[in-house]
Every structure is written in C-alpha cells, then in structure tokens.
2 protein chains.
Amino acid sequence: MGKHHDHQDCLQALRPIRDTLDVISGTWKLQIIISVNAGNRRFTEIQRSIPKLTPKVLAKELKELEQNGLIERTITEGYPILIEYFPTDYAHTLDQVVESLQYWGENHRRHIFGKDSKKEKETK
Amino acid sequence: MGKHHDHQDCLQALRPIRDTLDVISGTWKLQIIISVNAGNRRFTEIQRSIPKLTPKVLAKELKELEQNGLIERTITEGYPILIEYFPTDYAHTLDQVVESLQYWGENHRRHIFGKDSKKEKETK
DNA sequence: CATTTCACTATCCTTTAGGTAACTGCTATA
DNA sequence: TATAGCAGTTACCTAAAGGATAGTGAAATG
C-alpha cells in the first residue's frame with residue numbers, strides 16, 4: 001500500500017536476510033574465510049591459524065562454506081594426495097555485506113559506550 | 001603490510017562484525033523491529049502480529065532491542081498504566097545493513113539454485 | 001621399526017536458543 | 001461475582017551449536 005516501502009516488503013525481505021545470516025553467522029565461518037583468503041590452504045594449516053578451532057568443527061564448516069560457493073576444495077592426486085582449500089571469486093561478493101556489518105558495529109559501539117560510559121562490555 | 005587491506009585488518013574487523021550480528025540475528029529480532037515499525041505498540045499486539053512468538057521470548061527480545069537502542073519502552077501513568085514500544089530513529093541506521101543482507105541473500109539464491117537446479121531448498 | 005603428519009571421523013558432553021504450559025497481580029467488563 | 005485482558009514471569013524441556021578427547025588409515029621421516 002505504501003508507495004515505496006510497506007510492511008509486506010519488509011516481511012518478504014526476511015527470507016533472503018535469513019539466508020545470508022545462515023551463510024555467514026556462527027563463531028567460525030568468517031574467521032575461516034579470512035584464513036583461507038590470507039593464504040592458508042591445508043586443513044591443518046587453517047586449523048592452526050585459528051586458536052581453539054577443533055578439527056570436527058572445522059570439517060563441518062568447510063563443507064558448508066564449500067556448498068555455499070565461498071571456498072573450493074581441490075584434490076591433487078599424487079603421493080601423498082594433496083587436499084587444498086581455495087577462496088573463490090564469488091566469496092568477494094560478500095565484501096559489501098561484511099563492510100556494512102563492520103561499519104555498523106563500529107558505530108554501534110560508539111553509540112552505546114561513547115558518551116554514556118556507565119557500562120563496560122567485554123572486549124574479548 | 002599490504003597497503004590497503006591486510007590480514008590484520010580482517011581480524012580486527014571481526015569484533016564489530018560479531019557485535020552487529022549479535023544485535024540483529026536470532027529468529028525474532030528483525031521480525032519484532034518490523035512489527036513495531038509497522039505500528040504495533042503494545043506487548044500483546046506485537047505478540048499477536050508474529051505467529052508462534054511466545055511471551056517469554058518476546059519479553060527477552062524486547063529487553064535486548066531496548067538495550068541496543070533499537071526500540072523504546074514507554075510507561076504512561078494512568079488507570080490502567082499504559083506500556084508501549086516505539087521504534088527509534090537510531091533503528092534506521094540499520095537500513096543499509098539490512099538492505100545489503102537482503103540483496104546478497106537474493107543473489108545467493110539465484111547463484112546456488114539458478115542454473116544448476118539439481119538441489120532444491122525448503123522455501124518455507 | 002617407532003614416531004609423526006595429514007585429513008579427517010567418532011563419541012561424549014556442555015551451553016545456548018528457543019518452545020510449552022502454567023501462573024502472577026492488576027484492571028475492566030458482563 | 002465471574003471472566004477476560006494486559007504485561008509479563010516461572011519452571012521445565014528440547015534441539016542445535018559447539019567443545020573435549022580419542023582414534024582412523026595412509027604415507028613420510030628418523
């Protein structure tokens with residue numbers, strides 16, 4: 001009913017928004033993407049680059065990231081077999097999303113803790 | 001070390017990104033914001049506008065949204081006392097974030113299911 | 001021959017998000 | 001007086017995410 005932006009639009013926007021959040025949220029997904037982008041290719045290399053990340057969780061996350069086209073798993077035959085993970089071009093389509101999340105988060109921290117410094121939040 | 005965008009930058013970006021995701025993710029937060037923006041003000045009114053949302057969860061989410069400055073809770077003395085929830089101006093700073101999540105999600109659905117229609121995902 | 005590395009998998013456990021159902025004190029309405 | 005609405009709270013339960021620990025088979029290294 002509204003000319004540009006009504007309630008139904010908002011509700012219909014929820015599905016793609018949920019999809020995006022499912023793809024990038026969770027404790028490890030963005031960290032893994034960053035690690036692979038930084039040049040880590042092998043399973044144990046990625047694992048060692050991210051403190052506290054266990055192999056069980058890494059294996060699961062890598063599968064999901066691969067299914068979503070954000071990384072590529074390659075097998076190079078030979079002795080021994082070589083398994084590597086690479087960033088995809090498609091992963092860069094996330095850049096604007098990540099940037100806007102980062103920007104808002106930085107501003108929000110100022111908004112909440114800036115003037116009114118009653119509360120402190122764990123910086124960890 | 002990179003001129004514009006190195007690994008350290010990426011890691012430092014994680015904290016604000018996590019903050020933003022904490023504020024908006026979860027099953028209900030965006031739906032509640034939409035409902036309040038659409039004009040629902042009273043607790044039960046908001047609850048009725050969102051199917052399957054229970055009072056326990058709504059109470060918890062409203063507190064968090066209020067702490068994050070995204071809605072405002074007002075008490076109007078009188079008989080009976082009137083409690084209302086209002087959208088804040090600050091909530092609109094989320095617009096670009098939400099828009100980029102929506103846009104990426106729409107594109108991703110095409111990317112994954114567009115050409116290669118082997119898999120189908122629940123549309124529910 | 002023993003140990004280590006690689007890429008994982010298997011089992012079990014804890015934490016957190018969220019759901020179910022009932023109930024509270026208060027006021028309003030029939 | 002009985003019932004219903006408002007704005008929640010309480011106690012209990014389930015499912016999913018993630019952590020801890022150990023083990024797998026193959027190959028490489030000492």
Side-chain angles (χ1 to χ4, degrees), chain A residues 14 17-36 39-68 71-86 121-122 124, chain B residues 14 17-36 39-68 71-86 121-122 124:
Chain A
L14 277 172
I17 292 169
R18 283 267 104 247
D19 286 347
T20 306
L21 292 174
D22 289 348
V23 170
I24 63 171
S25 66
T27 316
W28 304 111
K29 295 212 176 68
L30 287 171
Q31 277 179 262
I32 293 167
I33 291 174
I34 291 170
S35 174
V36 173
N40 296 302
R41 301 280 175 258
R42 315 288 300 275
F43 189 92
T44 42
E45 204 176 14
I46 297 166
Q47 196 197 328
R48 277 193 296 257
S49 76
I50 303 175
K52 314 264 181 182
L53 175 55
T54 62
K56 189 195 86 170
V57 173
L58 178 57
K60 194 198 117 217
E61 302 285 23
L62 286 171
K63 271 172 205 157
E64 293 181 22
L65 291 172
E66 201 199 353
Q67 277 172 19
N68 283 309
I71 59 172
E72 214 195 321
R73 181 183 192 267
T74 66
I75 305 173
T76 309
E77 301 291 342
Y79 298 94
I81 250 180
L82 178 64
I83 296 175
E84 287 170 300
Y85 296 90
F86 290 93
K121 200 176 176 183
E122 350 73 64
K124 244 194 174 175
Chain B
L14 276 173
I17 292 168
R18 283 267 104 247
D19 286 347
T20 306
L21 292 174
D22 289 348
V23 170
I24 63 172
S25 65
T27 317
W28 304 111
K29 295 213 177 65
L30 288 171
Q31 278 180 261
I32 293 167
I33 291 173
I34 291 169
S35 174
V36 174
N40 296 302
R41 300 280 174 258
R42 314 289 299 275
F43 189 93
T44 44
E45 204 177 14
I46 297 166
Q47 195 196 329
R48 277 193 296 257
S49 76
I50 303 174
K52 313 265 180 182
L53 175 55
T54 62
K56 186 195 89 170
V57 173
L58 177 57
K60 194 195 117 219
E61 302 287 23
L62 286 173
K63 271 172 204 159
E64 292 180 23
L65 291 172
E66 200 200 353
Q67 277 172 19
N68 282 309
I71 58 172
E72 214 196 321
R73 182 183 192 266
T74 65
I75 306 173
T76 307
E77 302 291 343
Y79 299 95
I81 250 180
L82 178 64
I83 295 174
E84 286 170 301
Y85 295 91
F86 291 93
K121 199 177 179 184
E122 349 76 61
K124 178 187 197 204

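Because only heavy atoms are used, hydrogens play no part in the values below, and waters and symmetry mates are left out as well, while side chains stay in. Naming: A, B, ... by sequence-line order, numbering from 1 per chain.
Considering only side-chain N and O atoms, B:K60 lies nowhere under 4.0 angstrom from the phosphate OP1 or OP2 of D:dA7. Regarding contacts with the backbone of D:dG18, a side-chain N or O of A:T27 is found under 4.0 angstrom from either OP1 or OP2. For the pair B:Y85 and D:dG8, the criterion of a side-chain N or O lying under 4.0 Å from OP1 or OP2 is met. For the OP1/OP2 pair of D:dA20 and a distance below 4.0 Å, the side-chain nitrogens and oxygens of A:T54 include no atom meeting the criterion. A:R48 has no side-chain polar atom (N or O) that falls below the 4.0 Å cut-off from OP1 or OP2 of C:dA7.
Here the P atom of nucleotide C:dC26 and the CD atom of B:E77 are 15 Å apart, to the nearest Å. Look at CZ on B:R42: it is 13 Å from C1' on C:dC26, rounded to the nearest Å. Between B:I81 atom CD1 and D:dG8 atom P there is a gap of 11 Å when expressed in whole angstrom units. Protein atom NZ of A:K56 is 10 Å distant from nucleotide atom P of D:dG18, rounded to whole Å. Going from atom CD of B:E45 over to atom P of D:dC6 covers 9 Å, rounded to whole Å. The CD1 atom of A:I83 sits 18 Å away from the P atom of C:dT5 (whole-angstrom rounding). Nucleotide D:dA17 holds its C1' atom 13 Å from the CD1 atom of A:I32, rounded to whole Å. Rounded to whole Å, the distance from CD on A:Q47 to P on D:dG19 is 12 Å.
Among the atoms of the strands shown, only primed sugar atoms or phosphate atoms (P, OP1, OP2) are found under 4.0 Å from some heavy atom of A:E61. Within the nucleic acid shown, A:P80 comes within 4.0 Å of sugar-phosphate atoms alone, with no base atom in reach, counting heavy atoms only. Within the 4.0 angstrom heavy-atom criterion, only backbone atoms of the sugar-phosphate kind lie near A:K63; the bases stay farther away.
Defined by atom type and a distance below 3.5 Å, a donor-acceptor pair is present between the side-chain atoms of B:S49 and B:S35. A:R41 and A:Y85 are not linked by any side-chain donor-acceptor pair at a separation below 3.5 angstrom, with hydrogens and angles left out of the test.
Heavy-atom nearest nucleotides on DNA chain C were determined for B:P55 and for A:L82, and the one closer to the 5' end corresponds to A:L82.
Nearest nucleotide to the A:T44 side chain, out of C:dC6, D:dA7, D:dG19: C:dC6.
Looking at every heavy atom in both residues, B:K29 comes nearest to B:V23 through CD-O, 3.0 Å. Heavy atoms only, all atoms of each residue included: A:I24 and A:L30 are closest at O-CG, 3.8 Å.
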Query raised in the report: Run the side chain to side chain contact (heavy atoms under 4.5 Å, CB included) check on B:T74 and B:F86 step by step: do they pass?
Result: CA-CA 8 Å; B:T74 65; B:F86 291 93; 3.4 Å; yes

